[in-house]
Amino acid sequence: MSHVRVRFAPSPTGFFHIGSARTALFNWLYARHTGGTFVLRIEDTDKERNSEEFLNVIYDSLRWLGMDWDEGPHKGGDYGPYRQSERSAIYEEYKQKLLASGRAYEKDGAIWFKLLGERYEVYDERRSKTVEKVRNTPAVIDDLIRGRVERLEDEDFVIFRSDGNPVFHFVNVVDDIAMKITHVIRGEDHLSNTSKHVELFRAFGVEPPKFAHIPLILKQNGPGKMSKRDQGALIEEYQRRGYLPEALVNFLSLLGWNPGDDREKMPIEEIIRLFDLPGVNQSNARFDDKKLAHMNMSYLLALPPDEFVQKAREYFAKHGVFAAGAHPAESYFRDVMLISQPKIKGIEELPAYTKYFFVEDDKLVIDEKVRAKVLGKGDPKARLGELIAVLGQADFTNESALEEAIKGEAQRNNLGFGDYQAVARLAVSGTNVGPGLTSIFRVLGRERTLRRLELLRASIGA
RNA sequence: GCCCCUAUCGUCUAUCGGUUAGGACGGAAGAUUCUCAUUCUUCAAAGCGGGGUUCGAUUCCCCGUGGGGGCGCCA
């Protein structure tokens, strides 16, 4: 097969939609799978909404997700420029071709594409007016996912607005020709438009590329496809919330595609190796944030310690968790994060989950409901006293030594570890959930652990 | 209104005519664990309806129905 060239052609709207990300991903995967070229082209013909900021949203999101482009902005290439707003001369040239061959004409100040065939008039109910139609033969769309699709294009359509700017259908086709695109992989919402595009390719005397219309992502609740307003629709939201891009990419790759067996969690190299267009589903997929969250947790648990701590550090910094000048020591922060890693489902849980590690002992906030519950049974004051006594000599650098020490004390009093766990946890963390108790002890250290135990004991009335 | 695509557990999906219809998320129950989470075990849960084709249809075809999309001087 000749060299594959695919493109992702977003328009800068200020958002990066999850559906766009999936379209980009399938293009990128196909390019990487075939050793082809992934082109990034910016469709910014609509001058109303267009700014550097909006462009950066696209670049940032693609980079964050790990989709590097081979040609495009910041990269260059032999078929530039890669922003449609800079390609006017090329569009003008192609417009002249159509004008010269009689396949375009002017009407109402706009330039229209002319279909071939006998003309007739018919009343259009939807637009409630009479329109001119053409007895055309159906365009044949050779789709790698849908198979052969025929669709009749029977009305001339505008290719240049009266303000002189070309429209989407025209620039899309011209650029695909000029950039020698071999495979057009895009959402199914473009399938009906494809007949226009095929007509244009033919009018330019060019064989259309292979098409692959991928299923859409439907909103989780309610009818219709996912739109910007829907919960979970924007890539930047996942970025902000500390999702792992590898997890999001893995999840997205499985929305409308699968490797043909039961594998789900796969490294990107594996996905690239297995991905192919004929394996893409034909029916739309409903978004499922629970499954994404699970995938994210799965990746989080498997993250090497250094990387996990790095992610946590970035998240804390980005969200200003620590007041300026109040950053904890690096090794302490690391210890806290690493004992929390196996317990959480997402990076975003970390600040709340670990907050008691970063307050002064006497400023520890105790959850009142938990306090009432824990102190309401047994003899908490006695247990705290026993703990304080035994922990005075224990080795705080060794979690199993701590555990043995507490178990030994429990045995002497005919009790179990559990009789100490809840009250001790309340004392050091102010809550009833968290990392292993002895992990908390080790990280807090003897001095702070004992102080917190003392503080709680002192607060309990005789 | 016209046109196009589509249809397996609640959700994502496997099955390339013959299976006790499999897996995952979510749900339920249980086990493990110092809490929580993880992990493990078990359970409930599906072929939209009607016609064909065939010895045999979830699988192929047709018609309904449901779902989705398109029909701009938006992209």
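Labels below follow one simple rule: chain letters A, B, ... track the order of the sequence lines, proteins then strands, and each chain is numbered from 1.
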Would you kindly give the [atom1]-to-[atom2] distance between [X] and [N], to the nearest whole Å?
X	N	atom1	atom2	value
A:L152	B:C5	CG	P	13 Å
A:L292	B:C25	CG	P	14 Å
A:I214	B:G68	CD1	C1'	14 Å
A:N250	B:U13	CG	P	14 Å
A:K196	B:C74	NZ	P	13 Å
A:E199	B:C71	CD	P	17 Å
A:H213	B:C5	NE2	C1'	10 Å
A:D262	B:U19	CG	C1'	14 Å

When you get a sec, tell me which of [options] is the closest nucleotide to the side chain of [X]?
X	options	answer
A:K343	B:C36, B:G26, B:C34	B:C36
A:E264	B:U13, B:A75, B:A24	B:A24
A:H169	B:G72, B:G23, B:A75	B:A75
A:N258	B:C4, B:U13, B:G23	B:U13
A:S192	B:G70, B:U11, B:C34	B:G70
A:R126	B:C25, B:G22, B:C71	B:C71
A:R286	B:C73, B:G72, B:C12	B:C12
A:S283	B:A7, B:C73, B:G1	B:A7
A:R425	B:C34, B:A75, B:G26	B:C34
A:A285	B:U11, B:C5, B:U13	B:U13

Below the 4.0 Å mark, does [N] have OP1 or OP2 next to a side-chain nitrogen or oxygen of [X]?
X	N	value
A:R161	B:A75	yes
A:R263	B:A14	no
A:Q282	B:C5	no
A:R127	B:G72	yes

Going from CZ on A:R186 to OG1 on A:T23, what distance comes out if it is rounded to the nearest 0.5 angstrom? 10.5 Å
Do [X] and [Y] have side chains that approach each other closer than 4.5 Å (heavy atoms only, starting at C-beta)?
X	Y	value
A:M179	A:V39	yes
A:I214	A:R22	yes
A:F160	A:V167	no

May I ask you to say what [X] touches in the nucleic acid, namely base, sugar-phosphate or nothing, with a heavy-atom cut-off under 4.0 Å?
X	answer
A:Y353	base
A:N284	sugar-phosphate
A:G224	sugar-phosphate
A:H190	base
A:P223	sugar-phosphate
A:Q220	nothing
A:K345	sugar-phosphate
A:L254	sugar-phosphate
A:E188	base
A:D189	sugar-phosphate
A:N281	sugar-phosphate
A:G418	nothing
A:T438	base
A:G416	nothing

Strictly by Watson-Crick or wobble contacts shorter than 3.5 Å, is anything paired with [N], and which nucleotide is it?
N	answer
B:C55	B:G18
B:G72	none
B:G10	B:C25
B:C34	none

Does [X] pair with [Y] as a salt bridge, N-O distance under 4.0 Å?
X	Y	value
A:R263	A:E270	yes
A:R41	A:D176	yes
A:R151	A:E153	yes
A:D175	A:R87	yes

Given the [atom1] atoms of [N] and [M], what is the spacing between them in whole Å?
N	M	atom1	answer
B:A21	B:C62	P	27 Å
B:G18	B:U32	P	44 Å
B:U58	B:G47	P	11 Å
B:G22	B:C9	P	14 Å
B:C48	B:G67	C1'	11 Å
B:C12	B:U54	P	35 Å
B:U13	B:U6	P	15 Å
B:C16	B:A75	P	45 Å

Whether A:W112 and A:Y105 hold their rings parallel, tilted or perpendicular, with breakpoints at 30° and 60°: parallel
Assess the pair A:F170 and A:Y94: is the distance between their ring centroids shorter than 6.0 Å? no
Please figure out whether A:M297 or A:S439 has its closest RNA chain B nucleotide nearer the 5' end. A:S439
Contact nearer the 5' end of RNA chain B, comparing A:R148 with A:F417: A:R148
